[in-house]
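Contents: one structure, followed by commentary.
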Amino acid sequence: MIGKRQAAKRDTSRHWRRTQPAEVRVDDLMSAAAALFVAKGIETTTIDDIVARAGVAKGTFYHYFSTKADVIIALRARFTQDFLSRVAAAINERAADDHAGRLSAWLRGAVGTYLANVELHDVVFHDFPHHQRQSQEKDDVIAQIVAVLEDGRKAGVWTFPDARSAALIVFDGMHAVADDAIIAGMRDPEPPCRLLEEMFTRMLAAPRP
């Protein structure tokens, strides 16, 4: 009797998985892969491992992805979109004319999100090699910083010769300081955020007449 019940539960679970929308099944596969990549590494994680954790058939994986590399590319896009959404929400909590506050919100949202998800970030952006010097994911984040900086420049709060170059300095500086905090065993975003706020507001400040 117990065996029949367990079999029925398995059959129900399989039917439920098959009837889920495609985006749910893709998300399940990506979440399963992300957890395994962090726990085991990319090389040692197999497609069999991913489908077993996601609770789907192997054919389902190949319906949406061709290789593990395709999953990693999709995880990069999802990570970046989540990053952008979280940071945008933090920025939008500040008034449109509070330019220093909006830059601070970007830094705090970025550092907080990075420190909270650094293991997955490192797997999908560093452990898997890519041969492009420039990536769409980084460009999307840089564009978000450019928008914040340009608003401040137009208001006369900041001055810089080139918005993209300034945004790259902000982005790479944020990464370097956050990485240094991680090396030191620090996951509290407040100290690096205060440091970054002070440095960048001084660096970008328009000279007083």
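- Connection of Val123 to Ile47 is established within a shared hydrophobic cluster, with ILVMFWY side chains joined at heavy-atom distances below 4.5 Å, either directly or through further cluster members.
- Met174 is not connected to Phe79 by any chain of hydrophobic side-chain contacts under 4.5 Å among Ile, Leu, Val, Met, Phe, Trp and Tyr, and they are in different clusters.
- Not counting sequence neighbours, the partners of Asp82 by the salt bridge (Lys or Arg N to Asp or Glu O under 4.0 Å) test are Arg86.
- Every residue was checked against the side-chain hydrogen bond (donor to acceptor under 3.5 Å, both in side chains) condition with Glu43, not counting sequence neighbours, and none meets it.
- Here the CZ-CD distance, from Arg78 to Gln81, works out to 12.0 Å after rounding to the nearest 0.5 Å.
- Listed by chain and residue number, nothing satisfies the salt bridge (Lys or Arg N to Asp or Glu O under 4.0 Å) test with Asp70 (two or more places apart in sequence, or in another chain).
- Between Ala57 and Val51, the shortest heavy-atom distance links the atoms O-CG1, 4.0 Å.
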Only distances under 3.5 Å count here; give the side-chain donor-acceptor pairs of residues 95-102 to other protein atoms, sequence neighbours excluded, each with its distance to 0.1 Å.
residue	atom	partner	partner atom	Å
Asp98	OD1	Gly101	N	3.0
Arg102	NH1	Ile91	O	3.4
Arg102	NH1	Arg94	O	3.2

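- To the nearest 0.5 Å, atom CZ of residue Phe200 and atom CG of residue Leu149 are 9.5 Å apart.
- Remark: Leu204 CG to Leu103 CG distance equals 6.5 Å, nearest 0.5 Å.
- Put simply, Phe125 and Val87 are part of two different groups of oily side chains (I, L, V, M, F, W, Y) that touch within less than 4.5 Å, one to the next.
- The pair Arg53-Asp48 does not meet the salt-bridge criterion, since no charged nitrogen lies less than 4.0 angstrom from a carboxylate oxygen.
- In the hydrophobic cluster analysis, where Ile, Leu, Val, Met, Phe, Trp and Tyr join through side-chain heavy atoms closer than 4.5 angstrom, Leu120 is grouped apart from Val141.
- A distance of 12.0 Å separates OG1 in Thr80 from NZ in Lys138, rounded to the nearest 0.5 Å.
- Here the closest non-hydrogen pair linking Phe37 and Ile42 is CD2-CA, 3.9 Å.
- Between Val26 and Phe61, the closest side-chain pair of non-hydrogen atoms is not below 4.5 Å.
- Considering every non-hydrogen atom in both Arg164 and Asp139, the closest pair reads NH2-OD1, 3.0 Å.
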CA sep, side-chain torsions, deciding dist, call: Val56, Asp28, side-chain contact (heavy atoms from CB on, under 4.5 Å): CA-CA 9 Å; Val56 299; Asp28 286 346; 5.6 Å; no
Full working for side chain to side chain donor-acceptor pair (under 3.5 Å) between Gln144 and Asp140: CA-CA 7 Å; Gln144 189 179 54; Asp140 290 342; over 6 Å; no
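- Residues Phe160 and Ile169 fail the side-chain proximity criterion, which asks for heavy atoms closer than 4.5 Å.
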Chi angles and distances behind the side-chain contact (heavy atoms from CB on, under 4.5 Å) call for Phe83, Asn117: CA-CA 10 Å; Phe83 179 94; Asn117 300 280; over 6 Å; no
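- One finds the CE atom of Met203 at 10.0 Å from the CG atom of Leu196 (value rounded to the nearest 0.5 Å).
- Remark: Asp180 engages no residue in a salt bridge (Lys or Arg N to Asp or Glu O under 4.0 Å) (not counting sequence neighbours).
- The two atoms that bring Pro192 and Asp188 nearest to each other are CD-O, 3.4 Å, heavy atoms only.
- The list of salt bridge (charged side-chain N to carboxylate O under 4.0 Å, His left out) pairs with a residue in residues 32-42, not counting sequence neighbours, reads Lys40-Asp49.
- A search for ring pair (Phe, Tyr, Trp, His ring centres under 6.0 Å) contacts involving Tyr114 returns His121, His175, not counting sequence neighbours.
- Contact check for Arg76 versus Gln136: no side-chain heavy atoms found under the 4.5 Å cut-off.
- Between Glu198 and Arg202 there is a salt bridge, since a side-chain N of the basic residue sits under 4.0 Å from a carboxylate O of the acidic one.
- For Trp158, the side-chain hydrogen bond (donor to acceptor under 3.5 Å, both in side chains) criterion is met by no residue, not counting sequence neighbours.
- The side-chain contact (heavy atoms from CB on, under 4.5 Å) search around Leu195 returns Val177, Met199, not counting sequence neighbours.
- Hydrophobic clustering, with ILVMFWY side chains joined whenever heavy atoms are under 4.5 angstrom apart, groups Phe171 together with Val118.
- For Glu119, the salt bridge (Lys or Arg N to Asp or Glu O under 4.0 Å) partners two or more places apart in sequence, or in a different chain, are Arg187.
- Across all non-hydrogen atoms, the minimal contact from Cys193 to Val111 is SG-CB, 3.7 Å.
- Note that CG of Leu115 is 9.5 Å distant from CE of Met186, once rounded to the nearest 0.5 Å.
- Minimum heavy-atom separation, Ala206 to Gly156: CB-O, 3.5 Å.
- His63 pairs by the ring pair (Phe, Tyr, Trp, His ring centres under 6.0 Å) definition with nothing, not counting sequence neighbours.
- Residue pairs meeting the salt bridge (charged side-chain N to carboxylate O under 4.0 Å, His left out) criterion with at least one partner in residues 147-162, sequence neighbours excluded, are Glu150-Arg153.
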